[in-house]
2 protein chains.
Amino acid sequence: MADAAQPVRRPERPLRRATIKDVADAAGVSRSTASRALNGRGYVGLGIRERVQAAAETLGYVPDDMARHLKERVSRSVGVLVSDLRTPFYADVAAGISTGARRRGLAMVLGDGSGSAVDEVETARRFVALRVAGVILTPVSAQVTTFLARQRVPVVEVDRHFGGGSCDVVVVAGAAAAGEAAEHLLGLGHRRIALLVDLAGWSADQDREAGFRQACATAGVPVDDSLVVRCGPGVAAARDRALELLRGPGAPTAVLTTAAWLAEGVWRAATDLRLRIPDELSLVTFDDAPWMSLVTPAVTAVEQDGVRLGEIALERLLGRIEAPAEPPQTVALTARTHHRGSTAAPPGARAVAGGRRSVNAVSHMGAHAGQTGV
Amino acid sequence: MADAAQPVRRPERPLRRATIKDVADAAGVSRSTASRALNGRGYVGLGIRERVQAAAETLGYVPDDMARHLKERVSRSVGVLVSDLRTPFYADVAAGISTGARRRGLAMVLGDGSGSAVDEVETARRFVALRVAGVILTPVSAQVTTFLARQRVPVVEVDRHFGGGSCDVVVVAGAAAAGEAAEHLLGLGHRRIALLVDLAGWSADQDREAGFRQACATAGVPVDDSLVVRCGPGVAAARDRALELLRGPGAPTAVLTTAAWLAEGVWRAATDLRLRIPDELSLVTFDDAPWMSLVTPAVTAVEQDGVRLGEIALERLLGRIEAPAEPPQTVALTARTHHRGSTAAPPGARAVAGGRRSVNAVSHMGAHAGQTGV
DNA sequence: CTGAAAGCGCTTACAG
DNA sequence: CTGAAAGCGCTTACAG
């Protein structure tokens, strides 16, 4: 009996999280009024707003987005799916999206791929279950984009594309940058230039290869297909392939790589072979990484601004959400090249150049010399 | 009239996403039965399950997690808040959490701090609004943890701690590693060893400083406080401070840094000053980065396995969610040091060592020589 | 074994 | 200006 008479002790911090009903009760109003007072829509009596806000504050009330979303049918989150967060480029993309999302009060749900297409779709399914407003991804196959399209979820593909023009795409203008890199090397007098691309065969690498070949064709220099090598994944694999390449009889005098890890493989291989850069081997790469400006000589690199790519992708996604019916857009960012010390005329250029060109002539022609050969 | 007689054309892909009611209707059962058939709980008639699943498949049905969560009162997502995704260490932590989360079917909601405590709390509030099951963070202040604790959200602090033992913590055993690094340098004969730490003053850096001082004390070598320098944020700031330090009259013969970007600053400063490493300056750092094994000489570094840290943090969080009342735990990972070429005896060691020690004696004593001085 | 009903937390017409 | 009611999509006792 005594027990029954005791008032139930309300724990100071209830295990149950405060709901709008708690806030309404504390403020002495209805749930409707509390809701209106809190989110500022609709009329609310003088002084009521303050009272409700104070109650919310006291109770540490944080509205449940799930419930709100359920009612309002809108989402305040975006899904992001990148290949591998441990790769700085992808981390930068995620960082760019994150910054924009924070500014707009959006939550970012992030998944990183295991590389498998099936896992990607599984992650995308979680995004759909979470009812994200849209998805930004660096696709490893067409499957995710197709799945998401079927679910009517707006999609933006970053860095490479699989959708075949069926969704928005944000990339780096790789063909142009690869062309300029090739022209630079051709201008220095290189005739045997190797191109190392990711075995995965992303569209980004296809673009760059096309730009490379175009520049060579324009300069009238035939491309030796044995010098276009696909390798990966991972630095170790790249190093092995580079070792084969550089040690062979028809070794190139210059290498262009399409990713930082490919350049790292070449760098390590060159170190292994005691090949001096740039005297014996010139190196240019896509994807500027911190180490490239720390080593000696520093490596000439095409910067791909992942952060900017992410920011733009988010803008595109938001634009798409606003206007779902508009035709898909492809945004191509111009890449910036950091010219550093890893390129020079090929060894024995004076002799090899023969009737074509003297070393001095070459050096006067500058980065775009290759084009004068048209 | 004719119009009214026309059957309404159902769009092939309705704009409205399929709900469980659509699935139930298509399968000719009630919503309750459809729900049971789909999630495997409760009885369901023979053949019914298959029929419902087929209907779900056809309609591309993906259950709404928000609604499910609202009803079940459970969350299938975790919040992660790191300082800056562009810093490889934090990206690694996020990657480790992501991998574990994917395996467990959890979504990861990721925010990266703007560095400001206020923004951090704002992001944490979004996590609470999303009703995440728990939060893992690299805190910049005690505020977030306090806020989250008040909201009864389980928290794990990674890399550093502010909670004062009020929440779970997963860190690298920094004091021990710093002590070993100091012993290594002392063993080589260095007496003027600088310590560069992050100006931010994280607990991680405090630990390392303590380990460093302890090792020096044990070896009977007084620490010159002007050699303990706090700098940041950013490589440029670190480089400037390193320049001052290395150019001064009482310049150190060795430097220990607590982060990759600090080491980068020192490396650049040394390059600026044409200081030869390791002959004129020894360098040891925390936070192994790719460039450290690419430069010449390669840099001796204490590896902090961010990925592993993330994996363990997630495990701890899940453990905490299971057992909310258990006392908080601190997990300290032993750090692994990669000994490379950036350390050597100090310049003029033979002369300077004087009555104390000969260079040869030192080199025979190995990495732990410092301790023999006790 | 199945389905009608209740309810998770919220917001929004709508009636007063 | 306010509050009762409906309803977002889902699941789970519970009655049949």
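Naming convention: chains lettered A, B, ... in sequence-line order (proteins, then strands); numbering from 1 in each chain.
- Side chain to side chain, B:S83 and B:R160 meet the donor-acceptor criterion of an N or O pair below 3.5 Å.
- Regarding contacts with the backbone of D:dC8, every side-chain N or O of A:R68 stays at 4.0 angstrom or more from both OP1 and OP2.
- Among the protein residues, A:S32 comes within range of the nucleic acid bases, having at least one heavy atom under 4.0 Å from a base atom.
- For the residue pair B:E157 / B:T145, a side-chain donor-acceptor distance below 3.5 Å is found, with atom types taken as modelled.
- Residue contacts for B:L46: at a heavy-atom cut-off of 4.0 Å it reaches no nucleic acid atom on any strand shown.
- Counting to the nearest Å, the P atom of C:dC8 and the CD1 atom of A:I20 are 15 Å from each other.
- Between B:L130 atom CG and C:dG9 atom C1' the separation is 15 Å, expressed in whole Å.
- Taking every side-chain heavy atom of A:R31 into account, C:dC10 is the closest of D:dT2, C:dC10, C:dG7.
- Rounded to whole Å, atom C1' of D:dA4 lies 11 Å from atom CZ of A:R36.
- Look at B:S35 and you'll find a side-chain N or O under 4.0 angstrom from OP1 or OP2 of D:dT11.
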* **Stepwise salt bridge (charged side-chain N to carboxylate O under 4.0 Å, His left out) check, B:R131 with A:D64** => CA-CA 7 Å; B:R131 299 297 189 259; A:D64 187 331; 3.7 Å; yes

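- Rounded to a whole Å, the OH atom of B:Y43 is 13 Å from the C1' atom of C:dT2.
- Remark: A:T19 is not in phosphate contact with C:dG9, judged by side-chain N or O atoms under 4.0 Å from OP1 or OP2.
- Salt bridge present: A:D25 and A:K21 bring a charged side-chain N and a carboxylate O closer than 4.0 Å.
- Here the P atom of nucleotide C:dC10 and the CZ atom of A:R76 are 17 Å apart, to the nearest Å.
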